[in-house]
Amino acid sequence: MANSISPLIEHNRCYDAGALGNLTDTRLIAGIWVCAVSDALIQFNEVARTRLFENDGTAFDTDWGCAGTNIFQYNYTHDNEGGFWLDCAGINHNENYEGTILRHNISVNDRRCIVQRDDGFHAKFDQNVFFQYEGTLDICSQAAGHSHHFKHNMFYFHDTPPDGWKSFVYEGNCYYPCAANPDDPLASTKEPPVTETLPSKAALDGLDKYEIFHRLCTQ
């Protein structure tokens, strides 16, 4: 979505973006993303299996020229090769850009990272679930990472991020079964009761998977 005021993007499914692409012709692709918009609302979508070529490959992206506050909420992402969210707000930066809010989203087995790039502008991650059945996930790739605030998220990681927790601000997040982030003064490592209702990996193919994870994220 581009060149719009208060666009609403909801109840969509974006599967296999870039599946027919290649490194030469496609280069960069994301699932659902906005550029040169103001106050976008992206909610109740599912984005899965976005391909990674030169870079990007994420489920979501706040891209060049955005203004106001852009919100990604109540979305379900999984198996996106480039990760969860791409921060390109610094490209053709709009002086009216206030930041991006990502809340109540569920990311399952997204690859590479939660944040790709850190363009130095404010973003808030509130009450998201980042769940890894297998492998490891970096918090941020292609940047040191210092501009974003993680509060009351659930990091269901078996291992700590290979490249560390970066220098983001962390407040009251749950870390299980991995070790807690030492820079989160209110961290919890207690097994959250919601893990008792987590579906099996096979159950992710069911149509009700978003509803299951939505309940986990809002308890």
Side-chain angles (χ1 to χ4, degrees), residues 1-18 28-52 55-94 96-119 121-131 139-140 147-154 204 207 209-218:
M1 184 72 74
N3 305 305
S4 304
I5 297 173
S6 301
L8 173 64
I9 305 171
E10 65 178 358
H11 299 294
N12 303 285
R13 295 185 214 169
C14 178
Y15 296 160
D16 303 299
L28 305 171
I29 192 170
I32 296 177
W33 56 288
V34 291
C35 61
V37 304
S38 176
D39 301 308
L41 179 59
I42 300 95
Q43 63 182 4
F44 304 115
N45 303 287
E46 180 183 1
V47 185
R49 302 183 298 271
T50 305
R51 300 302 195 270
L52 172 65
N55 268 312
D56 299 10
T58 52
F60 300 120
D61 172 16
T62 301
D63 217 291
W64 56 265
C66 285
T69 299
N70 298 280
I71 299 174
F72 296 82
Q73 64 179 11
Y74 302 110
N75 299 289
Y76 170 53
T77 73
H78 59 98
D79 303 294
N80 295 284
E81 293 180 359
F84 176 67
W85 176 62
L86 173 62
D87 178 8
C88 284
I91 300 175
N92 292 339
H93 173 61
N94 189 320
N96 295 315
Y97 177 63
E98 298 175 6
T100 295
I101 296 173
L102 304 105
R103 63 191 179 198
H104 303 293
N105 300 291
I106 302 94
S107 165
V108 179
N109 273 354
D110 284 326
R111 313 301 186 195
R112 195 178 192 185
C113 58
I114 293 175
V115 180
Q116 193 176 144
R117 296 171 58 104
D118 174 1
D119 271 5
F121 300 101
H122 183 63
K124 293 177 64 177
F125 290 78
D126 293 339
Q127 299 186 66
N128 302 286
V129 174
F130 300 105
F131 191 89
I139 300 299
C140 183
S147 301
H148 306 327
H149 185 188
F150 287 82
K151 184 176 182 179
H152 297 158
N153 299 278
M154 176 180 170
L204 291 177
L207 191 60
K209 55 188 173 297
Y210 169 76
E211 295 179 3
I212 293 171
F213 281 96
H214 170 68
R215 289 198 297 271
L216 297 179
C217 207
T218 55

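- Closest approach of A67 and N94 over heavy atoms only: CB-ND2, 3.5 Å.
- Atom CG of residue N70 and atom OG of residue S38 lie 7.0 Å apart, to the nearest 0.5 angstrom.
- Of the possible polar contacts, none joining the N45 side chain to the C14 backbone as a donor-acceptor pair under 3.5 Å is found.
- Residues E46 and Y15 meet the side-chain proximity criterion, which asks for heavy atoms closer than 4.5 Å.
- Across G82 and T58, no two heavy atoms sit closer than the pair O-CG2, 3.5 Å.
- Side chains of T77 and N105 form no contact here, defined as non-hydrogen atoms less than 4.5 Å apart.
- Considering only heavy atoms from C-beta on, I106 stays 4.5 Å or farther from F131 through its side chain.
- Summarising the geometry, atom CD1 belonging to I71 is positioned 8.5 Å from atom CD1 belonging to I42; distances are rounded to the nearest 0.5 Å.
- D87 meets the side-chain hydrogen bond (donor to acceptor under 3.5 Å, both in side chains) test with H148; sequence neighbours excluded.
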- Query: Given the rule in the side chain to side chain contact (heavy atoms under 4.5 Å, CB included) test, do T69 and I101 qualify, once you have shown the distances and angles that lead to the verdict?
  - Reply: CA-CA 7 Å; T69 299; I101 296 173; 3.8 Å; yes
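- Using a 4.5 Å cut-off on side-chain heavy atoms (C-beta onward), N55 and L28 make contact.
- Residues L86 and W33 form no side-chain contact, since every pair of their non-hydrogen atoms from C-beta on lies 4.5 Å or further apart.
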- Item | Full working for side chain to side chain contact (heavy atoms under 4.5 Å, CB included) between R51 and D16 | CA-CA 7 Å; R51 300 302 195 270; D16 303 299; 3.4 Å; yes
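- A30 approaches A17 most closely through the heavy-atom pair O-CB, 4.4 Å.
- A pairwise comparison of heavy atoms in R112 and L52 identifies NH1-CD1, 3.6 Å as the closest pair.
- For the atom pair OG of S4 and CG of D39, the computed distance is 12.0 Å after rounding to the nearest 0.5 Å.
- Annotation for C66 and Y97: closest pair O-CB, 3.1 Å, computed over non-hydrogen atoms.
- Interatomic distance, NZ of K124 versus OG of S147, reported as 15.0 Å (0.5 Å rounding).
- When atom types are taken as modelled, the side chain of N153 and the backbone of F125 share a donor-acceptor pair closer than 3.5 angstrom.
- Panel note: side chain R117, backbone V115; no donor-acceptor pair is recorded below 3.5 Å.
- When the ring-ring contact (aromatic ring centres under 6.0 Å, His included) test is applied to H152, no partner is found at least two apart in sequence or on another chain.
- Inter-residue side-chain proximity for D56 and Q116 is flagged as met; some heavy-atom pair is nearer than 4.5 Å.
- Taking S107 as the reference, D110 meet the side-chain hydrogen bond (donor to acceptor under 3.5 Å, both in side chains) condition, with sequence neighbours excluded.
- Note that CG of L41 is 7.0 Å distant from CD of E10, once rounded to the nearest 0.5 Å.
- Side-chain atoms of Q127 and R103 include no donor-acceptor pair closer than 3.5 Å.
- Listed for the N80 side chain is a donor-acceptor partner under 3.5 Å among the backbone atoms of T50.
- Using a 4.5 Å heavy-atom threshold, the side chains of D79 and R111 count as touching.
- Under the 30°/60° scheme for interplanar angles, the aromatic rings of F72 and F60 are found to be tilted.
- We find the CZ-CG distance between F44 and N12 to be 12.5 Å, quoted to the nearest 0.5 Å.
- In this structure, I32 and M1 have side chains that are not in contact, with every pair of non-hydrogen atoms separated by 4.5 Å or more.
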